[in-house]
Amino acid sequence: MYFELVLALLTGLAMSLAYQGPTLPDKGFTVARSAGTKVTVTKDNTLNGSYHSNFTRLQADRVEPLPLEIVNNFDAGPVNAYIQGLDSKGAVVFVAANGSLIYPSSHGSRLPVKIDHDLAIPLPRKGKSLSLKIPIPLSSGRVYFCQGNLSFFMLDTGYGEGLVQPSVTNMDDPSASLHWGFVELTYTAAGTVYANISYVDFVGLILSMALSTKDKPSRSQVTRGLRADAVQALCEGLWKQGKVDGQPWLGLCVVDENRRLIRILSPNYYRRLYDAAFEGYWNGYIDKVWRHYSYKPLTIDTQTPAGPVTCRVINNILRCLNDTRGYSRPLATDIWGCDSGPFGRVNGDNDVHIAVIPRLCAAFVRSTLLLPGGDVQPSLNSSHHYTVSPTHHYSRLVHELQVDGRGYAFSYDDVNPDGTEDASGLVSSGNPDTLTVYVGSPPTD
Ligand SMILES: *[C@@H]1O[C@H](CO)[C@@H](O)[C@H](O)[C@H]1NC(C)=O
Ligand SMILES: *[C@@H]1O[C@H](CO)[C@@H](O)[C@H](O)[C@H]1NC(C)=O
Ligand SMILES: *[C@@H]1O[C@H](CO)[C@@H](O)[C@H](O)[C@H]1NC(C)=O
Ligand SMILES: *[C@@H]1O[C@H](CO)[C@@H](O)[C@H](O)[C@H]1NC(C)=O
Ligand SMILES: *[C@@H]1O[C@H](CO)[C@@H](O)[C@H](O)[C@H]1NC(C)=O
Ligand SMILES: *[C@@H]1O[C@H](CO)[C@@H](O)[C@H](O)[C@H]1NC(C)=O
Ligand SMILES: *[C@@H]1O[C@H](CO)[C@@H](O)[C@H](O)[C@H]1NC(C)=O
């Protein structure tokens, strides 16, 4: 139903009565190849595992198994789950539907080889749920969900057995044209669970989760994440923005060869495909900010014992008191990732510098630096974010479409005036009962 609707939009056919939005164009999207065969190995899609033997399998730590419940709320057909991670010896492991462990091997291949075990855990039909158990501690864990079969590969990295995961920045990846997403999961040997939903890299299959605990009284944590129709709504919002400012926002929308909408990339991931796409996008704004703060002081509250520090642009470099280094003018690519150029860390950066990076980058991402009150960062709450252009329109739209404000849209979404708001998509407990993941629509209760 969902996909038929999108198809109708993209091809300009008759629209569903329920749908009142605009007709999207048929050009400007990023197209993912069906059944691609080019597997790329990058640090973003490789999980470095250790070598393993039968011995390591037998040594897998005993822990109280973590009950995992998966609720299928997905409208558009059958979904498979895949559970992967590193065991306590650092070896790549998958959990099968019956709770047994699968240790895939590259058999010494330095090129990725497809895992031939059946890793898929088919979900029951819509409205039903599946209960299983994660029997061992798991780090760097992910629970993937896919409409169709995801392809995973192994390779000998020279240091161990690496898992090559599906990539969203490779349009020839075998899984590129499939609709998938994941939640991140860590289950420690001490029995603590951390599960996380993030939109920092992309928005794919819509997931949400709840964690119940054995605490008395029992307290449930919920991350509802995005609306069920968020991929479509995000793409429409990006398309509208592109019509306003002429920027390639529509390129963040990834469609398959039949022009069905698959996922939305963050600008930070899109720049890996098209380096120059937003080149110059922020230049006018950065010029104004740099001019403004060469006359007036900018105060950054480090929200640490170092307190607020005063900053000023001198000779084209923003310098803050008690900070080991200054900040050069960022490029668009630095603002999307918050981890390069002036926002990159080096050894020797002091506490002030380490505190200024996220606060300064968040101020750019949210375009609050020239607003009244913007000369103190962070001081303006979320009602002042993304109110002027240029801004991070992907982050703006993700926040507009969130049901409960949970789930980071950029890496420093946790920067806020009083330091207490929790916008992360994290649930965690040292005393977990059941982790429930909802596929498709978020829970309504
Ligand atoms: C995996 O290990 C290689 C070699 O040590 C390293 O270059 C790479 O960055 C690592 N990848 C990740 C995701 O940590
Ligand atoms: C691991 O165990 C399996 C089945 O018990 C056996 O076939 C295989 O040869 C063993 N591998 C190693 C490396 O010992
Ligand atoms: C559990 O599932 C795995 C993978 O599908 C299979 O190899 C194994 O034989 C099953 N074990 C049992 C006890 O059914
Ligand atoms: C997925 O894999 C299963 C088992 O290997 C197979 O039966 C099924 O046809 C595949 N589904 C698709 C959509 O390729
Ligand atoms: C949640 O996931 C994001 C994206 O992978 C990661 O950067 C972040 O550290 C995670 N947060 C927590 C609290 O685990
Ligand atoms: C910060 O700088 C001021 C002025 O240079 C100095 O008096 C103060 O001791 C410094 N504070 C810290 C924590 O280094
Ligand atoms: C945000 O701040 C404004 C004042 O700048 C205030 O009126 C508003 O209630 C605040 N909103 C939230 C959600 O705290």
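In each ligand, atom 1 is the first atom listed, and ligand 1 is the first ligand listed. Note: hydrogens, waters and symmetry copies are ignored here, and every other heavy atom, side chains too, is used. Since we're looking at a predicted model, the values are computed, not measured.
Classified by interplanar angle (parallel below 30°, tilted 30° to 60°, perpendicular above 60°), the ring pair Trp249/Trp336 is perpendicular.
Between His384 and ligand 7, a contact under 3.5 Å exists for at least one N or O pair.
The closest protein non-hydrogen atom to atom 9 (O) of ligand 7 is Asn381 ND2, 4.7 Å. Ranking the protein heavy atoms by distance from atom 1 (C) of ligand 4 puts Asn149 ND2, 1.5 Å first.
What you find for Asp215 and Arg219 is that their closest heavy atoms are OD2-NH2, 3.9 Å.
Atom 11 (N) of ligand 7 is approached by the protein to below 4.0 angstrom, counting heavy atoms only. Within a 4.0 Å radius of atom 5 (O) of ligand 4, the protein has no heavy atom.
Using a 4.0 Å cut-off to heavy atoms of Ser383, the atoms of ligand 7 that qualify are 1 (C).
Residue Asp245 qualifies as enclosed at atom CG: its count of foreign heavy atoms under 6.0 Å is above 12.
Looking at Lys240 and Glu236, no side-chain N of the basic residue comes within less than 4.0 Å of a carboxylate O on the acidic one, giving no salt bridge.
Each of Leu68, Asn98, Leu66 was evaluated against Leu132; a single residue qualifies, Leu68, per the side-chain contact (heavy atoms from CB on, under 4.5 Å) test.
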